[in-house]
Amino acid sequence: MKKLAVATLLIALGASAMASAQADTLDDVKARGVLRVGTEMQFAPFDYLENGKQTGFNKAVFEEVGKALGVEVGFVDLPWASVLPGLEADKYDMVAGPLIVTSERMQRYRFTDPVAESSVALMIRANDDDISAPEDIAGKTVGAGKASAQLATLQAYAESLDSPVEIREYVDNNQAYADLAAQRLDAVANSLPNIAYLAKQRPSLFKVVTPSFGPKSWFAYIGRGDDDSQRLIDAFNDVLAKMRDDGRLAELQEQ
């Protein structure tokens, strides 16, 4: 009887250890009751502060995902240059930037399905008639976000122009926009949804130069690149698919 009891205990412990070893990020999220999300709340209309409170597209989408998974969503606001290292250090489960999908990033992270176009364009002052097309930034000063795919797109495009472009990198997008308004920059390069939103909010100050430049690109959210994150990304995509089918995603995009 004692041997049988010991054997039963060992089997139970082994099963428990196996279940623990097989637990992945989705299991951890549900056990914790919170989906931890890293973001930068200086990236309207996706994530920004209004009267000191988080608002924007990301918050609305992740709230729907949280409801579907039966968990709360906890956002961590950081400068963009700190967001991806935080994900890799397991300080949160996903990043809600969103990020431009690139082949290099796909080798390192797991992307959700795309949620918006992210092609890069220029924003200039509303009274500036010197820049009417992307190539007009030759010989001028342009700002972009530090460590961003938008910066990389600007740098690659600038190399194709006849005159050099002075490129300034900003940790805070709002500082770049402030420098543009103060005439310390000639333009700011960012994804079209971001600068179009700002120009619509402040038409007397800013306007957008079209068309976009560089390759057409898309925004998506990410999880870590390990296998443990796959089920979480799959679950997220399932919610996105339902939101597309019932019109909720299109409604949020329009807002």
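Just so you know, these numbers use all the heavy atoms, side chains as well, and skip hydrogens, waters and symmetry mates. Residues: numbered from 1 along the sequence shown.
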Subject >> Note, P45 side chain near F57 side chain (heavy atom, < 4.5 Å) >> reply: no

Subject >> Side chain to side chain, L87 and M94, heavy atoms closer than 4.5 Å >> reply: no

Original post:
Is the closest basic N to carboxylate O distance between E64 and K242 below 4.0 Å?
Top reply: no

Subject >> Connected hydrophobic set around Y197, excluding itself, where side chains approach under 4.5 Å >> reply: Y48

Subject >> R244, CZ atom: more than 12 neighbouring heavy atoms under 6.0 Å >> reply: yes

Original post:
Does atom CZ of R32 have more than 12 heavy-atom neighbours from other groups under 6.0 Å away?
Top reply: yes

Original post:
With D245, which residues qualify under salt bridge (Lys or Arg N to Asp or Glu O under 4.0 Å), at least two apart?
Top reply: none

Original post:
With D47, which of V37, T39, D77 fulfils side chain to side chain contact (heavy atoms under 4.5 Å, CB included)?
Top reply: T39

Original post:
Going by atom types only, do E50 and T55 share a side-chain donor-acceptor pair under 3.5 Å?
Top reply: no

Original post:
Taking C-beta and beyond as the side chain, do L26 and F236 meet within less than 4.5 Å on heavy atoms?
Top reply: no

Subject >> Residue pair W80, V95: steps toward the side-chain contact (heavy atoms from CB on, under 4.5 Å) verdict >> reply: CA-CA 10 Å; W80 180 247; V95 165; 4.1 Å; yes

**OP:** State, without any angle test, whether Q42 and N173 hold a side-chain donor-acceptor pair at a distance under 3.5 Å.
**Re:** no

**OP:** Any pair with a residue in residues 144-172 that passes salt bridge (Lys or Arg N to Asp or Glu O under 4.0 Å), sequence neighbours left out, goes on the list, sorted by first then second residue, please.
**Re:** K146-E169, E166-R168

Original post:
Quick one: hydrophobic cluster around V34, which other residues, with the 4.5 Å side-chain cut-off, linked directly or via members?
Top reply: none

**OP:** Going by the salt bridge (Lys or Arg N to Asp or Glu O under 4.0 Å) test, name the single residue among D227, D228, D93, D226 that passes it with R110.
**Re:** D227

Original post:
Can you list the steps and then say if Y92 with F75 is a ring-ring contact (aromatic ring centres under 6.0 Å, His included)?
Top reply: CA-CA 9 Å; Y92 26 83; F75 284 92; over 10 Å; no

Original post:
Partners of F111 by ring pair (Phe, Tyr, Trp, His ring centres under 6.0 Å), sequence neighbours excluded?
Top reply: none

Original post:
For Q175, does the CD atom have more than 12 heavy-atom neighbours from other residues, nucleotides or ligands under 6.0 Å away?
Top reply: yes

Subject >> Partner residues of D179 under the salt bridge (Lys or Arg N to Asp or Glu O under 4.0 Å) criterion, sequence neighbours left out >> reply: R184

**OP:** Taking D128 for its side chain and I124 for its backbone only, find out whether a donor-acceptor pair lies under 3.5 Å.
**Re:** no

Original post:
Given R224, which of D90, D24, D28 fulfils the salt bridge (Lys or Arg N to Asp or Glu O under 4.0 Å) condition?
Top reply: D90

Original post:
Passes salt bridge (charged side-chain N to carboxylate O under 4.0 Å, His left out), E63 versus K67? Steps please.
Top reply: CA-CA 6 Å; E63 281 180 347; K67 290 176 187 176; 5.7 Å; no

